[in-house]
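As the structure lists them, so they are numbered: ligands from 1, and atoms in each ligand from 1.
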Amino acid sequence: MSEVAVIGAGYVGLTTAACLASLGHSVTCADVDEQRVRALAKGEVPILEEGLPALVADGLGAGRLRFVVGAAPAARDAEFVFLCVQTPQSETGAADLSAVEAVVREVAPVLRPGTVVVNKSTMPVGSTQLVARELSQAGAANDVGVASNPEFLREGNAVRDFLQPSRVVIGCDDAAVAVRVSELYREIQAPILVTDPASAEMIKYASNAFLATKISFINAIANLCEAVNADVREVALGMGYDPRIGFEFLHPGPGYGGSCFPKDTAALNHTAEAAGYDFSLLRGVVEVNRRQHERIIEKLRDAAGGSLEGVTVGVWGLTFKANTDDLRDSPALVVCEQLLAGGAVVQAYDPVAGEAAAAQYPDLQVVSDSYEAAAGAQLLALLTEWDEFRWLDFARVAAGMSAPRALVDARNLLDPSAMRRRGFAYQGVGR
Ligand SMILES: NC(=O)c1ccc[n+]([C@@H]2O[C@H](COP(=O)([O-])OP(=O)(O)OC[C@H]3O[C@@H](n4cnc5c(N)ncnc54)[C@H](O)[C@@H]3O)[C@@H](O)[C@H]2O)c1
């Protein structure tokens, strides 16, 4: 079993640290956020992720998991240093690697000979070489190895995805280093693909861009279904039975969001531009997505008779998808922002992220349940597919609203005819 340092205790870092500890490794997880580290050291997990609190508690209890402030103290005795810090979108669309570079400069002088630095953050093609070069410039020993090991976990399912992954990808030019990284995953049943660093880095971006393409594709089909009176749910079902297509990621909605797809598609577009390749397909995917957010706002504006000024809108759901507390690049927040800009009063309810949203958007009236969000509203927008929105007393919801009682179900979560029977002017997406 190995000594592992994980730098960054966010969605990916914390999951990586807790899961590697559960596989028997001795893990020190570092973050710059002192409050987060203090909470974690007491077993308090600051993010919503099923199964993670139990794994953190097990790791702490067994003495296999520790939390520290700062990357250097964690990296000092490590055989492997996992970089799990954020790589957000910069102004040019490229990935901003400044957090990665800061960690590299911090850990380089303290790394033991033979340590392997593992790039788990999503980083563009060339980053494995970049990290190796910057480590050496910052004084790391010559035999420190670097490997790319991109992460494919889904928020809300992170622990399962880490421990039962569809594949583990390792990109490294040094076969011995790749074998050492693969041994960390010995207990995991999954295909391990060892490849060169550029291909490993591209696999991550290509995978996210492909999933984003699937979403934009079904959203475009949904929009066309609206124009020709077809039902996209039937269409997606009929498509999905074809094993070459499959059912996953064929759910129309308000457009993709979250901390990965928007920035990763932007970064891949940037990579294509820099390489002189005209990736018009991917640009189209991004544009369809931007328009999809707008279509939801247009549906609401039309339902209000053309203007949102002074209209009260109830909003159900704020996170970028259900079963996570992550608000980053949430389409629901884009819609709320536009509603507020149009002069609407927005009463929003989210099962987990209301307070965090209120801190970001002081004009948003965050309320404590679905009925309160609908009370007195003329329009209602279902923006995140939380399961609890299926099981409400819809007669009570409708009774609390005022005309026209328009319900825009941006996730196609509810049954249109049942909603119309209850008195809502219901609109879904593509049906
Ligand atoms: N969130 C996902 O679903 C997901 C999935 C796959 C890959 N990724 C990739 O993983 C990376 C991390 O994503 P995330 O969502 O976990 O980000 P995050 O923002 O949740 O976590 C990053 C953490 O790193 C910490 N940090 C920043 N600088 C540091 C430093 N110098 N020393 C120690 N800690 C530092 C931050 O305080 C933060 O807690 C990104 O590249 C992302 O694209 C994310």
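In this structure, Arg180 is positioned above the aromatic face of Phe80, its NZ or CZ under 6.0 Å from the six-membered ring centre and within 45° of the axis.
Distances shorter than 4.0 angstrom do not occur between any heavy atom of Met123 and any atom of ligand 1. Heavy atoms of Ser259 come nearer than 4.0 angstrom to ligand 1 in at least one pair.
Near Tyr11, meaning under 4.0 Å from one of its heavy atoms, ligand 1 places the atoms 1 (N), 15 (O), 16 (O), 20 (O).
Looking at Val85 against ligand 1, both its backbone and its side chain come within 4.0 Å, counting heavy atoms. Contacts between Arg328 and ligand 1, counted as non-hydrogen atom pairs separated by less than 4.0 Å, involve the side chain only. Contacts of Arg154 with ligand 1, taken as heavy-atom pairs under 4.0 Å, are absent altogether. When non-hydrogen atoms are compared, ligand 1 lies under 4.0 Å from the backbone of Cys84 (N, CA, C, O) but not from its side chain.
Taking Arg66 as the reference, Ser26, Thr28 meet the side-chain hydrogen bond (donor to acceptor under 3.5 Å, both in side chains) condition, with sequence neighbours excluded.
Using the six-membered ring where Trp is involved, Trp316 and Phe394 have ring planes that are tilted, between 30° and 60° apart.
Between the side chains of Gln86 and Tyr11, no donor-acceptor pair is found at a separation under 3.5 Å.
Taking a cutoff of 4.0 Å between a charged side-chain nitrogen and a carboxylate oxygen, Arg290 and Glu287 qualify as a salt bridge.
Residue nearest to atom 44 (C) of ligand 1, selected from Ile7, Val12, Val103, Asn119: Val12 (by heavy-atom distance).
Surrounding CZ of Phe210 are at most 12 heavy atoms belonging to other residues, nucleotides or ligands under 6.0 Å away.
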